[in-house]
Number of protein chains: 2
Amino acid sequence: MTSKTKISPDFIQNAARILKTLGHPQRIKIVEYLEDGEKPVSQIQRNLDLIQPIVSQHLKIMLDRGIVKYRQEGTRYYYSLANDFILKILSCMSDAQEMISRGEWSLENFNNN
Amino acid sequence: MTSKTKISPDFIQNAARILKTLGHPQRIKIVEYLEDGEKPVSQIQRNLDLIQPIVSQHLKIMLDRGIVKYRQEGTRYYYSLANDFILKILSCMSDAQEMISRGEWSLENFNNN
DNA sequence: ACTTTATATAGTATTATTTATATATTCTAT
DNA sequence: ATAGAATATATAAATAATACTATATAAAGT
């Protein structure tokens, strides 16, 4: 059983923003990649096989929304997760993945389009 | 410590979709409202003070993405959460709310715009 | 049959997000 | 001072999400 979740009305906007921000495949991948510590942009770029401005753009969005932070060293920008909590959301999604693979949840609907 | 979250590459699109879908204030409110059981559209509408087509649209989006389901009875459509798991995500967000209120996390960044 | 109620669906305009491309900045090494 | 590397920023184009208005459907009551 799940206890009554009460998100305060003031916080709903923030909650939506966080979820929406993480609701992008490449950003999820970036967050996952940052899980084991800070990484410079170039490395993220290589790892995810994306062009540099795209990576910087996603990082900026996540920076503005408090999801990542960075530390500059010379010409390198080392990005890392602003917070361990972000991983909780991802681990929640990996639970979802399990449920679906066990057939306990279906994302597809009969009247899907 | 959080254990290594591993979302399979195949699932990342789905994960993003779920998060993005929940990343809307009114949809969060709807999900919260459905927490204590199925509700007909009209009641959701009254509760959230929205016009009917908006509610139906959000419900349809969430239906297509496996987040809600419904049961028709006469002219009434009773919507409910497709899954208890959805609440876990929200409860995760209510944890976030706490962290922020305790000052352990800031959503605002110096160079925010 | 006709009307009302509850809800869905369609179409559309507006706005936001995403991606791509091009350029600027800043640091480092020469 | 110049050049190269790493990254940011600006801008434009393409795409998607949102909210609104109007209309359709289907069941229930008269």
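A note on names: the letters A, B, ... follow the listed sequences, proteins ahead of strands, and every chain is numbered from 1. Everything numeric here is computed off the predicted structure, so don't read it as measured data.
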**Prompt:** Quick one: A/Gln26 CD to C/dT18 P, roughly how many Å, whole number?
**Reply:** 10 Å

**Request:** Give B/Ser42 one of three labels, base, sugar-phosphate or nothing, depending on what nucleic acid heavy atoms sit under 4.0 Å from its own.
**Result:** sugar-phosphate

**Asked** Is any side-chain N or O of B/Arg27 closer than 4.0 Å to OP1 or OP2 of D/dT18?
**Response** yes

**Message:** Here's a test of your reading of the structure: between B/Glu73 and A/Pro40, which maps to the more 5' nucleotide of DNA chain D?
**Reply:** A/Pro40

**Message:** Measure CD1/B/Ile54 against P/C/dA6 and give the value in whole Å, please.
**Reply:** 19 Å

**Message:** Using a 4.0 Å heavy-atom cut-off, does B/Gln45 contact any base of the nucleic acid, only the sugar-phosphate backbone, or nothing at all?
**Reply:** nothing

**Between D/dA19 (P) and B/Leu59 (CG): distance, integer Å** = 14 Å

**Main-chain N/O of B/Gly74 paired with B/Gln72 side-chain donor or acceptor, under 3.5 Å** = yes

**Request:** For B/Ile61 and for B/Gln72, find the nucleotide of DNA chain D with the closest heavy atom, then tell me which residue's nucleotide is more 5'.
**Result:** B/Ile61

**Asked** Taking the side chain as C-beta and beyond, is there a heavy-atom pair between B/Leu22 and B/Arg27 under 4.5 Å?
**Response** no

**Prompt:** With no angle test and no hydrogens, is the base of D/dA8 tied to the side chain of A/Gln57 by a donor-acceptor pair under 3.5 Å?
**Reply:** no

**Prompt:** Should B/His24 be listed as having a side-chain N or O under 4.0 Å from OP1 or OP2 of D/dA19?
**Reply:** yes

**Message:** With heavy-atom distances below 4.5 Å as the criterion, would you say the side chains of B/Ile7 and A/Leu90 are in contact?
**Reply:** yes

**Message:** With a 4.0 Å cutoff (strictly under), does any side-chain N or O of B/Lys20 reach OP1 or OP2 of D/dA17?
**Reply:** yes

**Prompt:** Can you find a donor-acceptor pair, distance only, under 3.5 Å between A/Gln52 side chain and D/dA8 base?
**Reply:** yes

**Request:** Would you kindly check if the NZ (Lys) or CZ (Arg) of B/Lys39 is within the cone defined by 45 degrees around the ring axis of B/Tyr79 and under 6.0 Å from the six-membered ring centre?
**Result:** no

**Prompt:** What is the nucleic acid contact for B/Tyr79, judged by heavy atoms within less than 4.0 Å: base, sugar-phosphate only, or nothing?
**Reply:** sugar-phosphate

**B/Gln52 side chain to B/Ser56 side chain, donor-acceptor N/O pair below 3.5 angstrom** = yes

**Message:** Once you apply a heavy-atom cut-off of 4.0 Å, does B/Pro53 come out as touching a base, just sugar-phosphate, or nothing?
**Reply:** base

**Message:** Under 4.0 Å from OP1 or OP2 of D/dT7: is there any side-chain N or O of A/Thr75 that close?
**Reply:** no

**Prompt:** Should A/His58 be listed as having a side-chain N or O under 4.0 Å from OP1 or OP2 of C/dT17?
**Reply:** no

**Request:** Round to the nearest Å and state the distance from B/Met62 atom CE to C/dA8 atom P.
**Result:** 12 Å

**Item:** Contact nearer the 5' end of DNA chain C, comparing A/Tyr77 with A/Ile51
**Value:** A/Ile51

**Item:** Atom-pair distance (OH on B/Tyr70; C1' on D/dA27), nearest Å
**Value:** 14 Å

**Message:** How many whole angstroms separate atom OH of A/Tyr78 from atom P of C/dC27?
**Reply:** 15 Å

**Message:** In whole Å, I'd like the distance from the CG atom of A/Asp64 to the C1' atom of C/dT18.
**Reply:** 16 Å

**Fill in**
From CZ of B/Arg46 across to P of C/dT7 the rounded distance in Å is 9 Å

**Message:** Regarding B/Lys69 and B/Ser80, do their side chains bring together a donor and an acceptor under 3.5 Å, going by distance alone?
**Reply:** yes

